[in-house]
A.B. asks: 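Let me begin by handing over the structure; questions about it come next.
So that the names make sense, note that chain A is the first sequence line, chain B the second, and so on, each numbered from 1.
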There are 2 protein chains.
Amino acid sequence: MSTERVDLAIGKLRSSGVRLTPQRYAILSFLMGTTSHPTADEIYRELEENFPNMSVATIYNNLKLFKEAGLVRELTFGDASSRFDGNTTDHYHCICVSCQRIVDFPYPPLSGLEQEAQKTTGFVIDSHRLDFFGVCETCQQEKN
Amino acid sequence: MSTERVDLAIGKLRSSGVRLTPQRYAILSFLMGTTSHPTADEIYRELEENFPNMSVATIYNNLKLFKEAGLVRELTFGDASSRFDGNTTDHYHCICVSCQRIVDFPYPPLSGLEQEAQKTTGFVIDSHRLDFFGVCETCQQEKN
DNA sequence: CTACTTGCAAACTTTTTGCTTGCGA
DNA sequence: TCGCAAGCAAAAAGTTTGCAAGTAG
């Protein structure tokens with residue numbers, strides 16, 4: 001992918017006093033350039049080659065920073081570590097219960113349902129998350 | 001709440017060779033009788049009074065058992081430990097981003113959307129989870 | 001130059017596991 | 001009695017924190 005979106009995001013960060021370091025750039029650009037929804041550890045191993053001395057703490061620090069800046073989303077499931085999604089456009093997720101793969105499901109947000117939930121519960125809702133669980137195509141074939 | 005639903009659930013368990021112990025019964029009946037979506041530790045502290053010697057491992061073992069039997073659902077969020085829901089009827093959740101409270105939002109399942117996701121992603125979907133994030137009524141008032 | 005960041009290691013939290021004793025059926 | 005379950009403690013896994021040294025702006 002082009003570096004444009006990454007540079008734009010980094011620019012946004014820098015305007016609020018955040019510094020640009022090679023590690024930070026690498027983490028963000030890896031996340032924004034993949035649809036694999038990696039764990040912190042997967043990011044760590046991916047970047048290890050280029051940053052042999054990088055520590056996991058740096059990964060976590062930056063993921064937290066990106067999350068707070070709204071550049072990245074954290075996805076958690078019961079039986080595993082958090083996964084991170086550098087795609088913040090509208091979409092939901094399908095999770096394979098067999099191989100844990102996460103696949104994007106692009107779909108317009110359920111705004112009507114948010115309003116419904118507001119009415120029913122009295123909450124002021126500002127976001128929602130929808131995950132589907134099932135078996136991916138690859139794992140379906142392996143069953144044969 | 002009445003113990004009927006609990007007894008029914010326990011009966012279902014027992015028919016598959018699972019024994020009824022006082023701890024097991026207490027954990028399940030507490031979960032089925034609350035809408036507070038407690039963590040394992042909260043369950044532990046709640047039952048501590050009646051079972052001073054109970055260990056956390058017992059809580060976890062039983063929660064796992066209940067989950068596998070479909071009597072209980074596990075809810076996970078990024079920044080905290082798992083929460084457990086003894087209500088397995090159709091509903092979604094609203095999570096307060098301020099006080100972390102979880103409130104049920106009864107709503108018929110989005111079966112149409114499951115089919116849509118199947119078509120788009122090639123998954124065979126068998127369930128989904130929908131969470132709304134926002135501010136609950138109590139926390140809205142505290143802001144004033 | 002001076003904070004912000006990194007790297008490192010230790011600490012912490014949550015959950016799981018191994019093993020012995022206890023107890024439900 | 002027999003085998004599942006509880007209790008206990010230690011281990012595992014993921015994430016956070018404190019601090020010294022490095023570096024971006």
A.B. asks: OP1 or OP2 of C/dT6 sitting under 4.0 Å from any side-chain N/O of A/Ser55?
C.D. replies: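 A/Ser55 to C/dT6 OP1/OP2: no side-chain N or O under 4.0 Å.
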A.B. asks: D/dT17, D/dA24, D/dG7: which one has an atom nearest the side-chain heavy atoms of B/Thr58?
C.D. replies: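 Nearest nucleotide to the side chain: D/dG7.
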A.B. asks: Walk me through it: do A/Asp85 and A/Ile102 pass the test side chain to side chain contact (heavy atoms under 4.5 Å, CB included)?
C.D. replies: CA-CA 10 Å; A/Asp85 190 346; A/Ile102 302 175; over 6 Å; no
A.B. asks: Parallel, tilted or perpendicular: which one describes the rings of A/His128 and A/Tyr92, with boundaries at 30° and 60°?
C.D. replies: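 Ring orientation of A/His128 relative to A/Tyr92: tilted.
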A.B. asks: Just how far, in rounded Å, is P of D/dT17 from CG of A/Leu63?
C.D. replies: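 Spelled out: CG on A/Leu63 to P on D/dT17 is 15 Å.
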A.B. asks: Where each residue is assigned the nucleotide of DNA chain C containing its nearest heavy atom, which of B/Ala57 and A/Gln23 is assigned the position nearer the 5′ end?
C.D. replies: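 Its nearest nucleotide being more 5', the pick is A/Gln23.
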A.B. asks: My understanding is that only one of A/Asn61, A/Thr58, A/Asn62 makes a side chain to side chain donor-acceptor pair (under 3.5 Å) with A/Arg24; could you say which?
C.D. replies: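 Testing A/Arg24 for a side chain to side chain donor-acceptor pair (under 3.5 Å) against A/Asn61, A/Thr58, A/Asn62 leaves exactly one candidate, A/Asn62.
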A.B. asks: Might you work through the ring pair (Phe, Tyr, Trp, His ring centres under 6.0 Å) test for A/Phe132 and A/Phe105, ending with a clear yes or no?
C.D. replies: CA-CA 9 Å; A/Phe132 296 91; A/Phe105 169 46; 5.7 Å; yes
A.B. asks: Between C/dT16 and B/Tyr60, is there an OP1 or OP2 to side-chain N/O distance shorter than 4.0 Å?
C.D. replies: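 Negative; the distance criterion is not met.
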A.B. asks: Mind listing the residues from residues 36-54 of chain A sitting with a heavy atom below 4.0 Å of DNA chain C? Number order is fine.
C.D. replies: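 Heavy-atom cutoff 4.0 Å gives A/Asn53, A/Met54.
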A.B. asks: Check whether any side-chain nitrogen or oxygen of B/Thr21 sits under 4.0 Å from OP1 or OP2 of D/dA5, and answer yes or no.
C.D. replies: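 Answer is no, no contact under 4.0 Å.
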A.B. asks: What is the distance, rounded to the nearest whole Å, between atom CG of B/Asn62 and atom C1' of C/dG24?
C.D. replies: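 Those two atoms, CG and C1', are 14 Å apart.
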A.B. asks: Measure the distance from CG on A/Asn61 to P on D/dG18 and round it to the nearest whole Å.
C.D. replies: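 Rounded to the whole Å, the gap is 12 Å.
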A.B. asks: Which whole-number value in Å describes the distance from A/Arg24 CZ to C/dG7 P?
C.D. replies: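 From A/Arg24 CZ to C/dG7 P: 11 Å.
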A.B. asks: Could you tell me how far apart A/Lys64 (NZ) and C/dC4 (P) are, to the nearest whole angstrom?
C.D. replies: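 Nearest whole value for this atom pair: 15 Å.
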A.B. asks: What's the separation between atom OG1 in B/Thr39 and atom OH in B/Tyr44, rounded to the nearest 0.5 Å?
C.D. replies: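 The distance works out to 12.5 Å.
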A.B. asks: To the closest 0.5 Å, what do you measure between CE (B/Met54) and CG (B/Leu47)?
C.D. replies: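 With rounding to 0.5 Å, CE (B/Met54) is 4.5 Å from CG (B/Leu47).
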A.B. asks: B/Ile125 and side-chain contact (heavy atoms from CB on, under 4.5 Å): which single residue from B/Glu114, B/Gln115, B/Glu116 fits?
C.D. replies: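 For B/Ile125, the side-chain contact (heavy atoms from CB on, under 4.5 Å) test succeeds with only one of B/Glu114, B/Gln115, B/Glu116, which is B/Glu114.
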A.B. asks: Starting at atom CG of A/Leu65, determine the distance to atom C1' of D/dT15, rounded to an integer number of angstrom.
C.D. replies: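 It is 17 Å, rounded to the nearest whole Å.
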A.B. asks: Roughly, in whole Å, what's the span from CG in A/Leu20 to C1' in D/dT23?
C.D. replies: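 The distance from CG of A/Leu20 to C1' of D/dT23 comes to 12 Å, rounded to the nearest Å.
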A.B. asks: Looking only at side-chain atoms of A/Arg19, point me to the closest of D/dA6, C/dT2, C/dT17.
C.D. replies: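 The closest nucleotide is C/dT2.
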A.B. asks: How close or far is atom C1' of C/dT5 from atom CD1 of A/Ile10, stated in whole angstroms?
C.D. replies: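 One finds 13 Å between C1' of C/dT5 and CD1 of A/Ile10, rounded.
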A.B. asks: Considering every strand and a 4.0 Å limit on heavy-atom distances, what is the contact class for A/Val18: base, sugar-phosphate, or nothing?
C.D. replies: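 Touches sugar-phosphate only.
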